[in-house]
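Have a look at the structure below before the remarks.
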Amino acid sequence: MIVCSCNVFSDRQVIDAVSGAQGMRTPGEVYRCLGCAPQCGRCARTIRALMDQVQANGCGQCGEDCSAAGLSGMVAAE
């Protein structure tokens with residue numbers, strides 16, 4: 001699902017960025033990791049929700065066959 005229509009990035013890209021980076025704590029850090037900046041800001045809550053899900057599932061701690069890999073599409077905070 002598209003999370004940010006201004007910068008055109010998906011929930012999978014956010015999950016991958018958060019899972020692969022250590023210590024990412026804000027949506028702003030996710031934007032920078034994806035090579036963009038917030039524009040309208042409507043997606044910030046969705047990014048935060050995805051970050052919380054990744055952290056709750058301990059992503060980045062297990063292999064590629066992790067059951068949390070199915071997170072994509074679970075959040076619609078807007």
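Any value given below was found using the heavy atoms of this structure, including those in side chains, with hydrogens, waters and symmetry copies removed. This structure is a prediction, so every number in the text was calculated from the model and none was measured.
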Short side-chain to backbone donor-acceptor contact, Gln13 and Ser10, under 3.5 Å: yes
So Leu50 and Val18, side-chain contact (heavy atoms from CB on, under 4.5 Å) or not? Walk me through it. CA-CA 9 Å; Leu50 287 166; Val18 174; over 6 Å; no
Check: residues 29-36 side-chain donor-acceptor pairs under 3.5 Å, at least two apart:
unit_1	atom_1	unit_2	atom_2	d
Glu29	OE1	Arg25	N	2.4
Glu29	OE1	Thr26	N	3.2
Arg32	NH1	Gly28	O	3.4

Just to verify, which of Cys40, Cys43, Pro27 counts as forming a side chain to side chain contact (heavy atoms under 4.5 Å, CB included) with Cys4? Cys43
Interatomic spacing from CD1 in Ile15 to CD1 in Ile47 - rounded to 0.5 Å: 11.5 Å
Which atom of Met51 lies closest to which atom of Met24, heavy atoms considered: CE-O, 3.6 Å
So, the side chain of Asn7 versus the backbone of Pro38: is there a donor-acceptor pair under 3.5 Å, distance only? no
